[in-house]
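Notes follow once the structure below has been shown.
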Amino acid sequence: VKSTDIIYTDSIRDIDWHALKARLREDDFDNGRSADQLRESFANSYAVCFARCDGAVIGKGRVLSDGVCNAYLVDLWTHTPHRHHGIAREIVRRLSEKLQGQHISLQADADVAGFYRKLGFVDQPHGLSRVVGKWLTRR
Ligand SMILES: CC(C)(COP(=O)(O)OP(=O)(O)OC[C@H]1O[C@@H](n2cnc3c(N)ncnc32)[C@H](O)[C@@H]1OP(=O)(O)O)[C@@H](O)C(=O)NCCC(=O)NCCS
């Protein structure tokens with residue numbers, strides 16, 4: 001697709017969550033959330049960004065933030081056939097515009113660390129994380 005055919009949006013309006021989940025699953029980037037959990041996690045985020053082509057989502061990302069100093073970038077993804085055309089870079093740029101003065105953290109696998117370094121992210125000496133209880137299960 002031409003870059004002019006891609007529309008970037010910062011709202012969850014009109015997103016077909018079942019179609020998005022199916023596409024993520026087919027693209028090997030489904031972390032187990034149901035379509036409704038996917039919607040809820042985006043709805044509860046500080047900022048979201050979708051790249052869309054003919055209505056379909058071909059890229060997305062979101063940030064959690066306290067609105068003051070700390071933000072966390074998650075769910076960044078570009079549909080495999082559309083990779084290496086600057087879509088994720090544009091998503092991160094748009095999300096970052098809403099995070100002036102804030103520190104953005106993220107967790108990435110080694111094979112995508114180079115992408116983030118290109119965008120100015122620097123490696124952190126230690127990353128620690130923990131799941132509380134069972135993944136995706138609320139009590
Ligand atoms: C990582 C990912 C989001 C990049 O999406 P993309 O739309 O292809 O990225 P862009 O085209 O905007 O790339 C921007 C720059 O980073 C480079 N880049 C892209 N993927 C890269 C990678 N895996 N390693 C190193 N550099 C990479 C591009 O070549 C481009 O460089 P350039 O500006 O010099 O041409 C995409 O590969 C993806 O969805 N991967 C699977 C999901 C994932 O791992 N997400 C991250 C979770 S932390």
Side-chain angles (χ1 to χ4, degrees):
V1 291
K2 295 197 295 276
S3 60
T4 48
D5 292 336
I6 301 172
I7 291 169
Y8 292 89
T9 58
D10 62 2
S11 146
I12 61 168
R13 215 175 318 119
D14 300 332
I15 300 292
D16 181 336
W17 299 99
H18 287 278
L20 177 56
K21 177 170 169 75
R23 183 163 276 204
L24 290 172
R25 191 189 298 130
E26 150 233 302
D27 210 33
D28 200 23
F29 199 60
D30 178 8
N31 76 349
R33 276 168 289 178
S34 65
D36 201 48
Q37 286 173 321
L38 199 57
R39 181 200 56 73
E40 188 176 351
S41 57
F42 274 79
N44 288 339
S45 296
Y46 182 77
V48 305
C49 184
F50 294 94
R52 304 179 70 174
C53 185
D54 291 330
V57 175
I58 59 170
K60 56 157 183 63
R62 62 188 180 96
V63 284
L64 317 177
S65 171
D66 57 23
V68 179
C69 52
N70 285 103
Y72 192 72
L73 175 63
V74 272
D75 275 351
L76 188 68
W77 164 82
T78 299
H79 190 212
T80 298
H82 300 283
R83 286 184 189 169
H84 294 283
H85 288 94
I87 293 175
R89 177 194 287 278
E90 178 62 12
I91 289 172
V92 173
R93 191 191 68 76
R94 285 169 178 259
L95 292 171
S96 302
E97 272 184 347
K98 298 174 180 169
L99 302 170
Q100 289 302 313
Q102 298 187 40
H103 180 264
I104 307 174
S105 298
L106 62 88
Q107 186 182 322
D109 289 340
D111 61 337
V112 294
F115 162 81
Y116 289 107
R117 289 188 194 111
K118 278 196 165 170
L119 272 59
F121 287 78
V122 293
D123 291 79
Q124 297 295 307
H126 296 286
L128 294 91
S129 69
R130 172 190 164 209
V131 173
V132 181
K134 190 167 175 287
W135 172 241
L136 293 180
T137 306
R138 264 195 293 243
R139 270 201 308 176

Between Arg23 and Ile58, is there a donor-acceptor pair closer than 3.5 Å when you use the side chain of the first and the backbone of the second?
->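 A pair under 3.5 Å: no.
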Give a yes or no answer on whether the side chain of Asp27 reaches the backbone of Thr80 with a donor-acceptor pair at less than 3.5 Å.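 Yes; judged by distance alone, with no hydrogens or angles, the pair exists.
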* Under a single-linkage rule joining Ile, Leu, Val, Met, Phe, Trp and Tyr whose side-chain heavy atoms are separated by less than 4.5 Å, which residues share a cluster with Leu128? ->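 Besides Leu128, the cluster holds no residue at all.
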_Whichever hydrophobic residues join Val122 through chains of side-chain contacts under 4.5 Å_ =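 Traced through the cluster, Val122 reaches no other member.
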Which pair of heavy atoms, one from [X] and one from [Y], lies closest together, and at what distance?
X: Leu106; Y: Tyr72; result: CA-CE1, 3.8 Å
X: Gln102; Y: Ser65; result: OE1-OG, 2.6 Å
X: Ile91; Y: Gly59; result: CD1-C, 3.6 Å

ask   = Hey, is Glu90 close enough to Arg93 for a salt bridge, meaning N to O under 4.0 Å?
value =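 Result for this pair is yes, salt bridge flagged.
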Short N-O contact, Asp14 and Arg52, less than 4.0 angstrom: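 Arg52 and Asp14: not salt-bridged.
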Is there a path from [X] to [Y] through hydrophobic residues (I, L, V, M, F, W, Y) whose side chains come within less than 4.5 Å of each other?
X: Tyr46; Y: Val74; answer: no
X: Leu24; Y: Leu136; answer: no
X: Ile104; Y: Phe115; answer: yes
X: Leu95; Y: Phe121; answer: yes

Between Val57 and His79, is there a side-chain heavy-atom distance shorter than 4.5 Å?
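They are not in contact (no side-chain heavy atoms under 4.5 Å apart), so the answer is no.
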Hey, does Tyr8 have a side-chain heavy atom less than 4.5 Å from the side chain of Ile87?
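Touching, per the 4.5 Å side-chain cut-off.
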Would you compute the distance between atom [atom1] of [X] and atom [atom2] of [Y] and round it to the nearest 0.5 angstrom?
X: Ile7; Y: Thr4; atom1: CD1; atom2: OG1; answer: 10.0 Å
X: Leu20; Y: Ile15; atom1: CG; atom2: CD1; answer: 7.0 Å
X: Lys60; Y: Ile12; atom1: NZ; atom2: CD1; answer: 14.0 Å
X: Leu38; Y: Asn31; atom1: CG; atom2: CG; answer: 8.0 Å
X: Gln124; Y: Gln107; atom1: CD; atom2: CD; answer: 12.5 Å
X: Asp30; Y: Trp77; atom1: CG; atom2: CH2; answer: 11.0 Å

Q) Should the heavy atoms of other residues, nucleotides or ligands under 6.0 Å from CG of Asp5 be counted, would the total exceed 12? A)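 Enclosed.
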| said: Take a 6.0 Å sphere around CG of Asp54 and say whether it holds more than 12 heavy atoms from other residues, nucleotides or ligands. | reply: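 Not buried by this count: 12 neighbours or fewer within 6.0 Å.
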Establish, from distance only, whether the side-chain atoms of Arg33 and Ser41 form a donor-acceptor pair under 3.5 Å.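 Looking only at side-chain atoms, Ser41 and Arg33 do form a donor-acceptor pair, the distance falling under 3.5 Å.
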Determine the sole option in Leu73, Val48, Val92 for which the side-chain contact (heavy atoms from CB on, under 4.5 Å) test with Val63 is passed.
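Among Leu73, Val48, Val92, the one meeting side-chain contact (heavy atoms from CB on, under 4.5 Å) with Val63 is Leu73.
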So that I know where these two stand, are His82 and His85 an aromatic pair - ring centroids less than 6.0 Å apart?
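Not under 6.0 Å, so no.
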Next item on the list: Please state whether the rings of Trp17 and Phe42 are parallel, tilted or perpendicular, taking 30° and 60° as the class boundaries.
Entry: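 Tilted: the ring planes of Trp17 and Phe42 meet at 30° to 60°.
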- Checking salt bridge (Lys or Arg N to Asp or Glu O under 4.0 Å) against Asp10, which of Lys98, Arg94, Arg62 comes through?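 Result: among Lys98, Arg94, Arg62, Lys98 is the only option passing the salt bridge (Lys or Arg N to Asp or Glu O under 4.0 Å) with Asp10.
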